There are 2 protein chains.
Amino acid sequence: MRYEKGHRSATRQRIVEVAARRFRESGVAAVGLTGVMADAGLTNGAFYGHFESKEALVCDALCHALDEREADFVASGAAGADLESSLRGYLNAAHRDNPGIGCPSAALLPEIGRHADATRAAFTRHLVTFVDLIAGLLPAGEPAQAHATATALFGLVVGTLQLARAVSDPQLSDQILEAGIQAGLALGLGAPVDAPS
Amino acid sequence: MRYEKGHRSATRQRIVEVAARRFRESGVAAVGLTGVMADAGLTNGAFYGHFESKEALVCDALCHALDEREADFVASGAAGADLESSLRGYLNAAHRDNPGIGCPSAALLPEIGRHADATRAAFTRHLVTFVDLIAGLLPAGEPAQAHATATALFGLVVGTLQLARAVSDPQLSDQILEAGIQAGLALGLGAPVDAPS
DNA sequence: TGTACATCAGTGAACGCGCGTTCACTGATGTAC
DNA sequence: TGTACATCAGTGAACGCGCGTTCACTGATGTAC
């Protein structure tokens, strides 16, 4: 072997991980491929030996980040997590202050909506999985209603974390996080709402 | 007068309006000044006669879009709007499908968090105003609690609209909007939650 | 065992292009005398 | 009334730069005979 077995796939993986971090930190449009490759210890020319286009990397990096967070979610669930600890695990200062290793939806959601169909379809598949996982944290009830509530909870925490990142007043930012937690609890555990007729 | 009175400020206003639309459609980072100026019927060189930098335009365009939506909100409130009609006025297919004339937060929130302090401070001021307006739609109660709920409602609708735009399945997108409306009603009208201790 | 060739991940320069920004200039209209 | 000059919004070319993408080449290691 010219390179040890798995060298090529390890290189590719490294590029995906760097991209997943940098896209979340700066947004997809603001990140250049030369910088990503340099961070991965390579030169720009090697990129197209691994990916067809920047859009293909966007799709892979997004899926990688979503898979990682899904694994974290499942792992913490195995430790007996409930809705409140999940909310607090998401809406906290550390997550707010480290978008590069955080939720890709909070960092990139509007941008995802402007990307290629394949990228949006990949996001859609992951979203469905996430909603299932969130629904599992809710008190037993009608499954359709649990899914609707879980979907709204996802929207709530994503929007709330974005708000906490956008405001310039640190104290207000903390209040936003806490308001999101309380609202998430009210939504998830509160008086059940009728499913849409 | 070489130009009719108000010509200069009218030109500036035209640039701001074009930018506010294009930023929301494509994201700030993906929009170039040459294109904005061309849409406003001008050439690139005229830009710096009106703005100090692209960042200054971003701040002005964001404020313009936020002011416009605030005015709409107040106008519809004068017509006797309640929480449900406000939620339906936001979480609907027309809004989802026309980001260029829609909520700047839904289109740009993660990006705002990466912009200059002045831009984030301007956003923060507008957010506070919005939260007050939303709180006014809630049943009378403790003001601090109404503010917290209103903040979460804002996060909920922003995140939900972004989700509806990002997914590639139109039917799922419609379900997301409806789930957001139901959750917004539950949050706003449902069992009151204690304020954080 | 030694030589010629194949493989292939990665290099680094180059492509055309658009970016944000600068600046000398235009030209229509005003004022000064 | 006529001429010289001031004003200023807008023009359009140019600046250096980084973008996504392409491609001829390198060099280390494998295989063939």
Side-chain angles (χ1 to χ4, degrees), chain A residues 1-23 25-62 108 111-112 114-119, chain B residues 1-23 25-62 108 111-112 114-119:
Chain A
M1 288 287 169
R2 296 151 210 85
Y3 295 86
E4 65 273 37
K5 188 171 192 270
H7 172 93
R8 186 179 149 80
S9 69
T11 300
R12 188 190 150 101
Q13 185 65 10
R14 207 165 358 110
I15 299 168
V16 168
E17 282 164 13
V18 169
R21 176 176 51 80
R22 293 184 57 134
F23 287 160
E25 283 169 356
S26 311
V28 173
V31 170
L33 296 180
T34 302
V36 170
M37 294 303 278
D39 262 24
L42 297 161
T43 54
N44 58 338
F47 179 81
Y48 292 89
H50 292 281
F51 302 93
E52 216 184 57
S53 64
K54 185 186 184 183
E55 183 66 33
L57 174 62
V58 170
C59 192
D60 279 18
L62 178 63
L108 301 172
E111 225 171 344
I112 292 169
R114 300 175 199 118
H115 271 278
D117 278 356
T119 304
Chain B
M1 291 288 168
R2 294 150 209 87
Y3 294 86
E4 65 273 39
K5 188 168 188 258
H7 172 95
R8 188 180 147 81
S9 69
T11 299
R12 189 191 149 99
Q13 184 65 11
R14 208 167 356 111
I15 297 169
V16 168
E17 281 164 13
V18 168
R21 176 176 51 77
R22 292 185 57 135
F23 288 159
E25 284 168 357
S26 310
V28 172
V31 170
L33 296 180
T34 303
V36 169
M37 294 303 278
D39 262 24
L42 298 160
T43 56
N44 57 338
F47 179 80
Y48 291 89
H50 292 281
F51 303 93
E52 215 185 57
S53 62
K54 186 186 183 183
E55 183 66 34
L57 174 62
V58 170
C59 192
D60 279 19
L62 178 62
L108 300 172
E111 226 171 343
I112 292 168
R114 300 176 200 117
H115 271 278
D117 278 357
T119 305

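Everything quoted here is computed from the prediction, not taken from an experiment. These numbers come from the heavy atoms of this one structure, side chains and all, not from hydrogens, waters or symmetry mates. To find a chain, count down the sequence lines: A is the first, B the second, and so on, and within it residues start at 1.
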How long is the line joining [atom1] of [X] and [atom2] of [N], in whole Å?
{"X": "A:R14", "N": "C:dA9", "atom1": "CZ", "atom2": "C1'", "result": "11 Å"}
{"X": "B:K5", "N": "D:dA9", "atom1": "NZ", "atom2": "C1'", "result": "17 Å"}
{"X": "A:H7", "N": "D:dG30", "atom1": "NE2", "atom2": "P", "result": "13 Å"}
{"X": "B:L42", "N": "D:dC8", "atom1": "CG", "atom2": "P", "result": "18 Å"}
{"X": "A:M37", "N": "C:dA9", "atom1": "CE", "atom2": "P", "result": "13 Å"}
{"X": "A:R8", "N": "C:dA9", "atom1": "CZ", "atom2": "P", "result": "5 Å"}

Exercise. How close do B:C59 and B:A118 get, heavy atom to heavy atom, and via which atoms?
Worked result: SG-O, 4.0 Å
Exercise. What are the two closest non-hydrogen atoms of B:A46 and B:H50, and how far apart are they?
Worked result: O-CD2, 3.5 Å
Problem set entry | B/S/- contact track for nucleotides 12-20 of chain D, protein heavy atom under 4.0 Å | BBB----SS
Exercise. So, is B:T11 near the phosphate of D:dA9, with a side-chain N or O under 4.0 Å from OP1 or OP2?
Worked result: no
With a 4.5 Å heavy-atom cut-off, do [X] and [Y] have their side chains touching?
{"X": "A:V36", "Y": "A:F47", "result": "no"}
{"X": "A:L33", "Y": "A:Y48", "result": "yes"}
{"X": "A:M37", "Y": "A:I15", "result": "yes"}

For this session: Can you run through DNA chain C from 5' to 3' and write each base as (, ), [, ], | or . depending on how it pairs? Watson-Crick or G-U wobble, both distances under 3.5 Å.
Result: .||||||||||||||||||||||||||||||||
Problem set entry | A:T11 (side chain) donor-acceptor with A:H7 (main chain) under 3.5 angstrom | yes
Problem set entry | Flag, side chain of A:K54 to backbone of A:G32, donor-acceptor distance under 3.5 Å | no
Problem set entry | Pair B:R21 + B:E25, salt bridge at N-O below 4.0 Å | yes
